[in-house]
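Just so you know, these numbers use all the heavy atoms, side chains as well, and skip hydrogens, waters and symmetry mates. Computed from a predicted model, the values in this text were never measured in an experiment.
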There are 2 protein chains.
Amino acid sequence: MTRRHEQIAEALRTAIGDGRHPVGSALPSEAELAAAHGVSRGTVRQAVSALEAEGMVGSRQGARRVVLSTAPSQSFAELRSFAQWARGGGHTPGGLVLESAPGRADGEEAALLQLPPGGEVLRVLRLRTLDGEPALLERTVYAGWIATSVAELPDDCESVTQELYERTGLVFAHGEHHIDAVAAGTEDSRRLGVRRGSPLLRVRRTTTTPEGRPVETSDDRYRPGSVVFTVRNSTRTNPLVRSALA
Amino acid sequence: MTRRHEQIAEALRTAIGDGRHPVGSALPSEAELAAAHGVSRGTVRQAVSALEAEGMVGSRQGARRVVLSTAPSQSFAELRSFAQWARGGGHTPGGLVLESAPGRADGEEAALLQLPPGGEVLRVLRLRTLDGEPALLERTVYAGWIATSVAELPDDCESVTQELYERTGLVFAHGEHHIDAVAAGTEDSRRLGVRRGSPLLRVRRTTTTPEGRPVETSDDRYRPGSVVFTVRNSTRTNPLVRSALA
DNA sequence: AAGTGGTCTAGACCACTAC
DNA sequence: TAGTGGTCTAGACCACTTC
């Protein structure tokens, strides 16, 4: 990484992580950091604002920045790719395609994927495991233009994200996630090994390319006790919205 | 608002919202926006990076920014305060304290609130309603130093956040939220009017002041079908983490 | 080749905090 | 009152996309 602001951010993350800046303590001033790293104040501000977006430090005009958390940094890749996330946490991911069939988009799917009504899609039902235990059931709908490549993947493909990137150069860059809780249906309970009606964490998501072109939309159901989602936010960074249903 | 970059961001949000920049279209270049608003490029970049953090636009080096979504902006205040959030969406919030009792922090609570083991806390059980319907059950633990002020609030206080601000000047600035799904227990089901064992969305959160001092930690359980959480993210902005349980 | 966003500099002034 | 972060300017060069 040759970018100075990213180097400085990484140095600060390390210093916070190993206790040189404990939670509750004040960070050096921007001027001090600029002098220490031999850069301008603007570059230092780029670095600390990254930490602020990650929720690791807080700031108030007139006072020094405060360390809020020592937690490691997050990554979109980890959120998007089950396999990358699992390996990053020291777990072993697994995947198995249970069903895969071409079809036509219904009204909602067409809107989410920005396809014409009745456009071609590929529906895939995939079971994901964590250390050998069923963790979530994915019902994914892929837009027609990527369907052929997805259909060619092996059934036990561990990381769809990585395979698609290597085969087609496709990059996932943006995502929208809706989180709620539902009761396990018949298929959910059979596939995940839980009782019918037991609580599942549902995440409905749509992912797009860097250009904003939708690639897939999915309904993921997590077995309780296997996974927790965490959001860290501040007055300045507002990643999460709570929405009421109609 | 006298800040130029915030004015420009708001103008862009409006333009995107009313269709002058449809989803998928390109935004004007930074140079054009700077000229149009009579500011430097740096100020324009502050404005568009706010939209990027909100997930409304995407960007790639060398190409113009792309509109990803027309959704309105989000706010930490809305996430933190049930009442503010509800009113913003045109709903009527209600609140009722069911139980309130002083106590001593157990190990986990002491750690979350940065109190000594056995430190004084105030435990409050509160039912929140949306348009008259039970929406969530809050089990909140307040740090001792704010407990007196909380205990003085009326039982049917609509917005705890706002009342505490007006009475003590306390501001909530940072939060960490852990989201999963659980089955309704006996008390949950009675208070929320759902069957025992039915799925609830659980959010465990800790909130701190701008200085990073923890104020409260809470276990909130949402009735299914009443509320959805939404996260929008990008390669660049990483608000959400998925964590496996031990 | 021209345009665009990403990075970086070296200043300036202001609002707010801490003492 | 001195220090600090928030805002803003007016440049510069580079990597990348688009044509």
Calculate the interatomic distance between B:I8 atom CD1 and D:dT7 atom P; express it in whole Å. 13 Å
Rounded to the nearest angstrom, tell me the gap between atom CD in A:E32 and atom P in D:dA2. 18 Å
To the nearest Å, how far apart are A:L33 CG and C:dC8 P? 15 Å
In whole angstroms, the gap separating C1' of D:dG5 from CD of A:E52 amounts to 10 Å
With sequence neighbours left out, what residues match A:E30 under salt bridge (charged side-chain N to carboxylate O under 4.0 Å, His left out)? A:R41, A:R45, A:R65
Salt bridge (charged side-chain N to carboxylate O under 4.0 Å, His left out) with A:E211: which residues, sequence neighbours excluded? B:R60
Considering only distance and modelled atom types, tabulate donor-acceptor pairs under 3.5 Å from the side chains of residues 163-173 of chain B, sequence neighbours left out.
unit_1: B:E163; atom_1: OE1; unit_2: B:R167; atom_2: NE; d: 2.8
unit_1: B:E163; atom_1: OE1; unit_2: B:R167; atom_2: NH2; d: 3.3
unit_1: B:E166; atom_1: OE2; unit_2: B:Q162; atom_2: NE2; d: 3.3
unit_1: B:T168; atom_1: OG1; unit_2: B:L164; atom_2: O; d: 2.7
unit_1: B:T168; atom_1: OG1; unit_2: B:L170; atom_2: N; d: 3.2

Contacts of A:T140 meeting side chain to side chain contact (heavy atoms under 4.5 Å, CB included) (sequence neighbours excluded), chain-then-number -> A:R126, A:E138, A:Y142, A:E216, A:S218
To the nearest Å, give me how far apart CD (B:E30) and P (D:dG11) are. 17 Å
Residues two or more places apart in sequence or in another chain: which of them pass side chain to side chain contact (heavy atoms under 4.5 Å, CB included) with A:A105? A:E109, A:A110, A:V121
For A:S100, check side chain to side chain contact (heavy atoms under 4.5 Å, CB included) against everything at least two apart and list the hits. A:V97, A:L122, A:V124
Gap between atoms CZ and C1', on B:R3 and D:dG6 respectively (whole Å): 8 Å
Spacing between B:R65 atom CZ and C:dG3 atom C1', to the nearest angstrom: 14 Å
Side-chain N or O of A:R64 versus OP1/OP2 of D:dT4: is the shortest distance under 4.0 Å? yes
Go through the structure and list residues passing salt bridge (charged side-chain N to carboxylate O under 4.0 Å, His left out) with B:D18, not counting sequence neighbours. B:R20
Interface residues of residues 35-45 of chain B with DNA chain C (non-hydrogen, below 4.0 angstrom): B:R41, B:R45
Say whether B:E176 and A:S69, considering side chains only, have a donor N or O and an acceptor N or O under 3.5 Å apart. no
Between C:dT7 (C1') and A:Q7 (CD): distance, integer Å: 12 Å
By nearest atom, which of the nucleotides D:dG5, D:dT7, C:dC8 is closest to the A:H5 side chain? C:dC8
A:S29 side-chain proximity, nearest of D:dT4, C:dT7, D:dC8: D:dT4
Is a donor on one side and an acceptor on the other found under 3.5 Å between the side chain of B:S29 and the backbone of B:E32? yes
Pairs under 3.5 Å (N/O, protein and nucleotides 15-19 of chain D):
unit_1: D:dT17; atom_1: O4'; unit_2: B:G62; atom_2: O; d: 3.4
unit_1: D:dT18; atom_1: OP1; unit_2: B:R60; atom_2: NH2; d: 3.4

